[in-house]
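Sequence lines set the chain letters: A, B, ... in the order given, protein chains first and strands last, and positions in each chain run from 1.
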4 protein chains.
Amino acid sequence: MKTRVAKKGKSDKRAAIMEAFLGLVSERGFHNTPMSLVAKTSGVSTGNIYHYFPSKEDIIIELYRKIKLEFIRAMVDGFSDDQTFRERFRSIWLIVLEYRKSHPKETSFLEQFENSPYITPSLSEELMVAAKPLGDLLTQSIKEEIIKDLPIDLLVSLYTGGAVFLAKKFIADTIVLDDELIEAAFDACWDAIKK
Amino acid sequence: MKTRVAKKGKSDKRAAIMEAFLGLVSERGFHNTPMSLVAKTSGVSTGNIYHYFPSKEDIIIELYRKIKLEFIRAMVDGFSDDQTFRERFRSIWLIVLEYRKSHPKETSFLEQFENSPYITPSLSEELMVAAKPLGDLLTQSIKEEIIKDLPIDLLVSLYTGGAVFLAKKFIADTIVLDDELIEAAFDACWDAIKK
Amino acid sequence: MKTRVAKKGKSDKRAAIMEAFLGLVSERGFHNTPMSLVAKTSGVSTGNIYHYFPSKEDIIIELYRKIKLEFIRAMVDGFSDDQTFRERFRSIWLIVLEYRKSHPKETSFLEQFENSPYITPSLSEELMVAAKPLGDLLTQSIKEEIIKDLPIDLLVSLYTGGAVFLAKKFIADTIVLDDELIEAAFDACWDAIKK
Amino acid sequence: MKTRVAKKGKSDKRAAIMEAFLGLVSERGFHNTPMSLVAKTSGVSTGNIYHYFPSKEDIIIELYRKIKLEFIRAMVDGFSDDQTFRERFRSIWLIVLEYRKSHPKETSFLEQFENSPYITPSLSEELMVAAKPLGDLLTQSIKEEIIKDLPIDLLVSLYTGGAVFLAKKFIADTIVLDDELIEAAFDACWDAIKK
DNA sequence: TATGAATGAGGCTTCATTCAT
DNA sequence: AATGAATGAAGCCTCATTCAT
């Protein structure tokens with residue numbers, strides 16, 4: 001079985017497994033995604049999957065970490081100190097919308113994961129650290145009396161909620177997202193948290 | 001059927017199954033809830049469960065319908081024409097918070113169900129009808145320029161989001177809900193949608 | 001539940017069960033015919049079926065006895081001493097063909113039953129007695145050197161085979177049975193056994 | 001795969017499953033043969049059976065195809081152009097008798113299968129092709145006015161019937177098959193179809 | 001590393017029969 | 001006689017994981 005095509009390197013297999021897993025889970029759900037199907041889809045044999053991951057659950061968790069991290073980083077990288085506070089929030093909001101719109105699989109996965117009762121998110125230290133700039137921005141904004149003095153995660157939820165919602169409807173193809181709507185939606189979210 | 005003493009009439013079994021199912025699913029997830037466990041927990045034998053429901057999936061769907069309906073009704077019944085628009089919204093918001101806080105199982109179930117990729121909610125006519133007063137309130141409020149002119153469901157999401165979020169944190173026991181916080185959270189949600 | 005319509009008498013229920021059973025088994029096979037379906041089809045409740053029959057297997061056996069007996073009697077009643085031997089055989093042959101053609105359910109049932117390995121036909125005394133005139137005819141015909149001296153049941157098989165076969169094809173709608181074909185087929189069967 | 005010693009290669013398991021299945025079904029019937037018993041008897045674990053066959057029904061069908069094909073081939077290979085027509089028929093007849101006598105399990109299986117109402121034989125192309133020489137012989141014999149001009153399958157039934165019947169009685173141990181009887185029986189069958 | 005056959009517990013569902021009424 | 005709810009063993013099949021190669 002020697003193919004001319006470049007053999008996948010080590011980490012490629014790992015990546016292939018995760019990618020296949022993500023695609024399958026987003027369409028079929030965790031429990032409707034047997035390892036055998038992951039094997040077929042990823043091109044990595046069942047047995048070998050267990051060489052890269054100790055168990056199915058581990059794949060799920062690793063995937064969650066990876067996606068969540070990616071998402072957080074997109075947000076964090078999307079604003080800069082050059083912007084006014086409101087501009088920063090706007091940037092972040094647009095990034096949330098954009099990321100979710102352009103990552104339907106990841107969106108579905110996150111949603112499922114974060115609503116599974118028996119899979120405790122248990123945000124790893126890693127995620128906390130990555131999200132720090134966001135927390136700092138919020139804390140700072142509260143202190144400067146730009147946004148309301150509410151618990152940070154509530155603020156995030158209020159603020160982010162609209163964008164996530166719109167993205168889901170966009171993916172489900174039950175809405176048309178024009179600039180006007182986006183702007184109006186952002187304003188609503190901003191109104192929610194601004195002082 | 002002359003016994004005065006409740007001998008667990010017909011519908012009691014049905015109810016027992018649904019109740020057991022709800023409890024188990026909320027703690028273990030759909031797929032981690034085998035029918036055998038439902039049988040044991042509900043006190044209804046495996047075989048007999050299938051006398052009341054055609055399949056596991058049907059139980060899930062019926063349960064969703066029932067809970068969602070209950071939740072919608074709670075909201076709808078919670079406001080009256082005597083109130084100002086803002087008061088109505090406030091009543092609804094508080095009911096959402098209260099319902100979710102006091103119905104952790106139902107909350108978990110709804111959350112899981114509505115995020116399952118392979119179980120399409122497909123809101124039945126029944127639910128639509130029940131929710132009509134809410135839709136009317138929103139439509140009316142938009143027309144009277146009390147709230148923003150945004151898609152109804154986005155408004156609901158923005159508006160409801162804060163209450164649901166707080167309830168979840170309350171259930172997870174990661175927040176203390178005092179009146180002040182509740183009031184502030186409501187204000188934020190109201191700011192999001194009010195014109 | 002008092003209907004104006006005449007309530008089925010005792011034996012009517014028995015008959016209803018057997019009739020429903022026959023129809024279902026002929027289309028679905030023994031094991032694909034649950035008692036619950038028999039109940040629904042016959043209009044007799046599950047529990048009550050067991051008032052009339054001790055078990056499912058008993059119904060099968062009774063049904064077999066009844067049908068086989070009916071079939072045998074049709075043959076026996078179909079010839080008389082007024083006829084020549086050949087005429088008698090012809091009459092019987094035509095009756096077999098006719099009975100099978102006009103009793104597709106019974107035919108299917110007999111076929112299934114007689115080929116079930118775990119249901120031993122064990123022809124009851126009753127059946128033997130009923131078939132005696134046939135046996136006598138054959139014995140007599142052998143003695144008079146009209147037909148070949150072969151084991152009785154082989155003769156029956158050879159002789160009957162053609163008619164049964166034609167009837168099955170007729171039922172399956174894969175043949176057109178005109179008089180000419182019938183006559184030719186009879187001749188073939190007669191040739192098989194005649195001396 | 002360098003071992004010389006037979007270590008039960010891949011296809012051995014497949015064969016083991018089919019063999020066990022055949023034995024069980026012939027003695028207990030399709031529906032009285034649970035997969036668990038097939039597993040135990042064949043020495044292949046339940047789960048692994050499904051690695052070789054998609055379902056129980058598939059095993060049945062494959063088995064039917066295999067056995068029927070084997071049987072047809074035995075007949076087809078049993079006569080040659082060197083023989084007179086009558087000799088050819090005789091050869092075939094004897095082969096049918098012999099095959100059935102020496103293959104009681106297969107005989108029982110074929111009988112059950114071909115009388116199951118819900119399993120349509122649907123003779124595959126493969127079987128048709130294999131049986132072609134037989135059909136040709138019959139067609140030719142009709143043309144040369146050696147046998148009667150009757151539908152091919154009726155001829156087969158008439159002709160084959162006696163041999164099959166005898167074999168069944170032999171297997172059931174309710175007959176003694178000596179040469180004289182065999183010869184007489186063959187003559188009867190031949191008389192049935194010969195012109 | 002890599003394969004995929006093998007395992008076997010466990011999942012959902014069916015169904016003959018019994019039981020309470 | 002009659003009902004149909006109730007039982008629970010058993011059936012078919014799935015699937016995470018391990019094992020032999």
Side-chain angles (χ1 to χ4, degrees), chain A residues 1 7-10 13 31-40 43-59, chain B residues 1-3 7-10 12-14 31-40 43-59, chain C residues 1 7-10 13-14 31-40 43-59, chain D residues 1-3 7-10 12-14 31-40 43-57 59:
Chain A
M1 295 290 152
K7 273 194 182 167
K8 280 178 182 169
K10 303 192 169 212
K13 293 239 163 154
H31 295 275
N32 206 18
T33 296
M35 293 299 267
S36 57
L37 189 53
V38 176
K40 199 179 302 171
V44 181
S45 71
T46 343
N48 210 19
I49 289 178
Y50 284 84
H51 181 75
Y52 291 97
F53 295 93
S55 74
K56 187 181 179 182
E57 186 159 341
D58 277 79
I59 304 181
Chain B
M1 295 289 152
K2 322 153 181 174
T3 38
K7 192 72 180 296
K8 254 199 178 178
K10 302 194 165 216
D12 281 335
K13 292 243 159 148
R14 229 186 123 80
H31 297 276
N32 206 18
T33 296
M35 292 300 268
S36 56
L37 190 53
V38 176
K40 203 174 302 173
V44 179
S45 72
T46 343
N48 208 22
I49 289 179
Y50 287 84
H51 186 73
Y52 292 97
F53 297 92
S55 73
K56 187 180 180 181
E57 186 160 340
D58 276 77
I59 304 182
Chain C
M1 292 288 154
K7 273 193 180 173
K8 282 178 180 167
K10 302 192 170 214
K13 294 242 161 151
R14 235 187 116 81
H31 295 276
N32 206 16
T33 296
M35 293 298 267
S36 57
L37 190 53
V38 176
K40 199 179 303 172
V44 181
S45 72
T46 345
N48 210 20
I49 289 179
Y50 283 83
H51 181 75
Y52 291 98
F53 296 93
S55 75
K56 187 181 179 182
E57 186 159 340
D58 277 79
I59 304 182
Chain D
M1 296 288 151
K2 320 150 183 176
T3 39
K7 193 67 179 301
K8 255 201 176 175
K10 305 192 163 217
D12 281 334
K13 293 244 158 142
R14 230 187 121 81
H31 297 277
N32 206 18
T33 297
M35 292 300 268
S36 58
L37 190 53
V38 176
K40 203 175 300 173
V44 180
S45 73
T46 343
N48 208 22
I49 289 178
Y50 287 85
H51 187 73
Y52 292 96
F53 297 93
S55 74
K56 188 180 178 182
E57 185 160 342
I59 304 182

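Taking only side-chain nitrogens and oxygens, C:Lys13 never comes nearer than 4.0 Å to OP1 or OP2 of F:dA1. At F:dA6, one or more side-chain N or O atoms of B:Tyr52 fall inside 4.0 Å of OP1 or OP2 (strictly under the cut-off).
Partners of C:His31 under the side chain to side chain contact (heavy atoms under 4.5 Å, CB included) rule, at least two apart in sequence or in another chain, are C:Tyr118, D:His31. Under the side chain to side chain contact (heavy atoms under 4.5 Å, CB included) criterion, D:Phe53 pairs with D:Arg14, D:Ile17, D:Met18, D:Ile59, D:Glu62, sequence neighbours left out.
Minimum heavy-atom separation, A:Ala39 to A:Thr46: CB-N, 3.7 Å.
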Dot-bracket for DNA chain E: what is it, with Watson-Crick or G-U pairs under 3.5 Å, [ ] where a pair crosses earlier ones, and | for a pair to another strand? .||||||||||||||||||||
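If you find the closest nucleotide of DNA chain E to C:Thr33 and to D:Ile49, the one lying nearer the 5' end belongs to D:Ile49. Annotation: of the two residues near DNA chain F, C:His51 and B:Asn48, the 5′-most nearest-nucleotide partner is C:His51. Closest-nucleotide positions on DNA chain F for D:Glu57 and C:Thr46 were compared, and the one nearer the 5' end corresponds to C:Thr46.
Comparing F:dT17, E:dT7, E:dT13 by their closest approach to the side chain of A:Tyr50 singles out F:dT17. The nucleotide whose nearest atom lies closest to any side-chain atom of B:Pro34 is, among F:dT18, E:dC15, E:dC12, E:dC12. Listed candidates were F:dT7, E:dT17, F:dT17. Nearest to the side chain of B:Ser45 is F:dT7.
Between C:Asn32 atom CG and C:Leu37 atom CG the span is 9.0 Å, to the nearest 0.5 Å.
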